[in-house]
Amino acid sequence: MAKEKLPSDLNLNLIEMVQSARMRHDAEARPSDLAAVYWIEAKRKDGDYAAPTANAGEWRVPLTAETADAAWERVKAMTVEGKLGYKSKISTRPAAGQAEPDQRLLCVRTYDADDREDVERVKKALLAIGMAGLQYVADE
């Protein structure tokens, strides 16, 4: 028996609906309010920015649970306004097995680690709003 083929756009529509619902949820979420999901994220809405390549990367900012909400509000706003990379995310709880239960991680994604000008632009913007301890990690 041959399997019935479904329209390929059906799966894409479902994925798009799930992603849209997730972004609506995350738009109002604060890291301190959630533990059911590990990450909340924000995506760029304004400005032109290249699509991520296979060589994308991210600035990682270590935070504490106490500082996570305020830091997230600043970074989320700048991400949505198109002043950082294509996406930012923050952990809502420590990673499994993490030694310090108070630690959180904020990540700001850039489209390509080889675009040093863009990577440095995002770094300068993060430093300007008080983010410290930055580490850049390229995707592997």
Side-chain angles (χ1 to χ4, degrees):
M1 253 195 230
K3 283 188 173 180
E4 182 180 326
K5 288 188 176 183
L6 295 174
S8 62
D9 61 314
L10 177 66
N11 290 336
L12 294 177
N13 288 340
L14 179 59
I15 291 168
E16 192 174 292
M17 286 172 37
V18 170
Q19 288 175 339
S20 178
R22 172 72 190 266
M23 293 311 298
R24 282 193 309 273
H25 169 270
D26 288 0
E28 301 300 321
R30 294 176 350 154
S32 64
D33 292 340
L34 298 172
V37 295
Y38 184 70
W39 295 104
I40 53 177
E41 62 184 49
K43 292 183 179 176
R44 167 186 282 256
K45 290 184 183 174
D46 296 329
D48 292 328
Y49 195 71
T53 68
N55 195 38
E58 65 189 19
W59 282 107
R60 293 181 178 174
V61 184
L63 299 168
T64 64
E66 184 179 319
T67 61
D69 286 349
W72 177 240
E73 287 305 314
R74 291 191 303 272
V75 169
K76 176 175 65 171
M78 289 182 73
T79 300
V80 171
E81 293 167 5
K83 296 178 181 174
L84 295 174
Y86 69 92
K87 176 171 86 170
S88 297
K89 62 184 183 176
I90 189 167
S91 62
T92 62
R93 63 181 188 258
Q98 192 167 331
E100 294 293 326
D102 189 43
Q103 289 181 327
R104 301 295 180 270
L105 183 63
L106 186 143
C107 302
V108 178
R109 303 282 302 162
T110 65
Y111 83 99
D112 194 311
D114 288 336
D115 186 339
R116 298 308 303 165
E117 186 176 317
D118 184 59
V119 170
E120 288 302 311
R121 177 191 64 78
V122 173
K123 178 182 181 180
K124 287 179 185 175
L126 289 169
L127 290 171
I129 60 168
M131 299 297 118
L134 303 173
Q135 176 189 11
Y136 192 80
V137 178
D139 292 354
E140 295 182 16

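Throughout, numbering of the chain's residues begins at 1 and tracks the sequence.
Once rounded to the nearest 0.5 Å, the distance linking CZ of Arg116 with CZ of Arg121 reads 13.0 Å. Here the straight-line distance linking atom CD of Glu81 with atom NZ of Lys76 works out to 11.5 Å at 0.5 Å rounding. To the nearest 0.5 angstrom, Thr53 atom OG1 is 5.0 Å from Asn55 atom CG. Considering OH of Tyr86 and OH of Tyr111, their distance stands at 12.0 Å, rounded to 0.5 Å. Between atom OG1 of residue Thr79 and atom CG of residue Leu84 there is a gap of 4.5 Å, rounded to the nearest 0.5 Å.
Val137 and Val75 are not part of a single hydrophobic cluster, where members link through side-chain heavy atoms under 4.5 Å apart.
Shortest non-hydrogen contact noted between Ala42 and Val80 is CB-CG2, 4.3 Å. Nearest heavy-atom pair across Ala132 and Pro62 is O-CD, 3.8 Å. Trp72 and Ser88 get closest at one heavy-atom pair: CH2-O, 3.5 Å.
In terms of the side chain to side chain contact (heavy atoms under 4.5 Å, CB included) criterion, residue partners of Lys87 (sequence neighbours excluded) are, by chain and number, Glu41, Lys43, Arg109. Here Ser91 pairs with Tyr38, Trp39, Arg104, Leu105 under the side chain to side chain contact (heavy atoms under 4.5 Å, CB included) rule; sequence neighbours left out. Under the rule for a side chain to side chain contact (heavy atoms under 4.5 Å, CB included), the partners of Leu134 that lie at least two apart in sequence or sit in another chain are Trp59, Val61, Lys123, Leu126, Leu127, Met131.
A donor-acceptor contact shorter than 3.5 Å is absent between the side chain of Arg60 and the backbone of Gly133. Checking side-chain atoms of Asp69 against main-chain N and O of Arg30 turns up no donor-acceptor pair under 3.5 Å.
Counting only N and O atoms by type, the side chains of Thr110 and Asp118 include no donor and acceptor under 3.5 Å apart.
In this structure, Leu63 and Ile90 have side chains that are in contact, with non-hydrogen atoms separated by less than 4.5 Å. Cys107 places a side-chain heavy atom less than 4.5 Å from the side chain of Lys89.
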